[in-house]
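Side chains included, hydrogens not; waters and symmetry mates left out as well; all remaining heavy atoms used. These figures come from a predicted structure and were not determined experimentally.
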Amino acid sequence: MKLGFIRHGQTDWNAEGRLQGSSDIPLNEVGRQQARDAVAVLGAGSWDAIVSSPLSRARETAEIIASGLGIELGRSYDELIERDYGQAEGMQDGEWEKLWPNKVGGGIENLDSVVARGLAAIELIAADFPEKNVAVVCHGTIIRYTLSALAGNQFDSILNGSVSLTDNVAGLWMVRSVNGETLGTPLIQ
């Protein structure tokens, strides 16, 4: 089984450096093009299904990719929703950093909760699509910290429209690439 994690395309809030979190902000035209570009990276014929977060920016990205790959758009999983940034949502980097350094306080969801949701989503997807290759469209923070937890290695930010690959070999999830960059040695959970 292989999972391809794709971060949704760009939104106006991404372009403005605003925290989106669980706010439902739509894609912009750059984001739609990033979704179309991800189709070529994923490769037609390699994927059995595509699923996403229910937030519109992820869902539309998944719709564009599904159309480009010629596969049906699958269900959405609430577990894939982006980290809830509480009162910081909509703020630009300099603003929230003064109020909630290290993104602690202000109703911001803690990273343990984000990782637990990400790992739960992987298990649900694996149960729903056993032995299938599934493209998963969601959000930067949940991808970053879920893959970091699987690999036991901290990854940098996840780029809009980028593809990160994991596969399951004998019950172990191996992180193969992050942001489209192949890792030298697969990192295993």
So which pairs with a foot in residues 37-48 pass side chain to side chain donor-acceptor pair (under 3.5 Å), sequence neighbours left out? Q33-D37
Hey, mind stepping through L150 and L119 against side chain to side chain contact (heavy atoms under 4.5 Å, CB included) and telling me if it holds? CA-CA 8 Å; L150 288 175; L119 295 174; 3.7 Å; yes
Minimal heavy-atom distance between S148 and F155, with the atoms involved, is OG-N, 3.1 Å
Among H139, E89, E82, which residue satisfies the side-chain hydrogen bond (donor to acceptor under 3.5 Å, both in side chains) criterion with S22? E89
Do you know which two heavy atoms are closest between W173 and A126, and how far apart they sit? CZ2-CB, 4.3 Å
I need the minimum non-hydrogen distance between L55 and G21, along with the two atoms involved. CD1-O, 3.8 Å
What's the spacing between E63 CD and I50 CD1 if we round to 0.5 Å? 9.5 Å
Check whether any side-chain heavy atom of I6 sits under 4.5 Å from a side-chain heavy atom of L42, and report yes or no. yes
Kindly compute the distance separating CD (Q34) from CG (L27), expressed to the nearest 0.5 Å. 8.5 Å
Say you draw a straight line from CG of N133 to CG of N168; how long is it, rounded to the nearest 0.5 Å? 11.0 Å
How many angstroms lie between CG in L172 and OG1 in T166, if you round to the nearest 0.5 Å? 12.0 Å
Under the side chain to side chain donor-acceptor pair (under 3.5 Å) test, which residues partner D12, sequence neighbours left out? N28
Hey, is the main chain of G180 close enough, under 3.5 Å, to the side chain of S177 for a donor-acceptor pair? no
Tell me whether E181 at atom CD has more than 12 heavy atoms from other residues, nucleotides or ligands lying less than 6.0 Å away. no
As a quick check of understanding, evaluate side chain to side chain contact (heavy atoms under 4.5 Å, CB included) for Q20 and R57, giving each step before the final call. CA-CA 11 Å; Q20 293 176 114; R57 61 190 181 268; 3.7 Å; yes
I'd like to know if the side chain of R144 and the backbone of I158 have a donor-acceptor N/O pair within less than 3.5 Å. no
In this structure, are over 12 heavy atoms from other groups packed under 6.0 Å from E16 atom CD? yes
Dump the intermediate steps for side-chain hydrogen bond (donor to acceptor under 3.5 Å, both in side chains) on S162 and R7, then the final yes or no. CA-CA 6 Å; S162 69; R7 182 178 177 196; over 6 Å; no
Which atom names give the shortest non-hydrogen contact between A35 and I64, and what distance separates them? CB-CG2, 3.7 Å
At what distance, to the nearest 0.5 angstrom, does CG of D84 lie from CD of E109? 6.0 Å
Just to verify, which of V136, I122, D128 counts as forming a side-chain contact (heavy atoms from CB on, under 4.5 Å) with Y77? D128
Run the side chain to side chain contact (heavy atoms under 4.5 Å, CB included) test on Q87 and L99 for me, step by step, so that the C-alpha distance in whole Å, both residues' side-chain angles and the decisive distance to 0.1 Å come before the verdict. CA-CA 10 Å; Q87 297 172 40; L99 297 169; over 6 Å; no
All heavy atoms of R117 vs all of D78, minimum pair found to be NH1-O, 4.0 Å
Can you see which heavy atom on F129 is nearest to which on M1, and at what distance? O-CE, 3.4 Å
Rounded to the nearest 0.5 Å, what separates atom OG in S113 from atom CD1 in I108? 13.0 Å
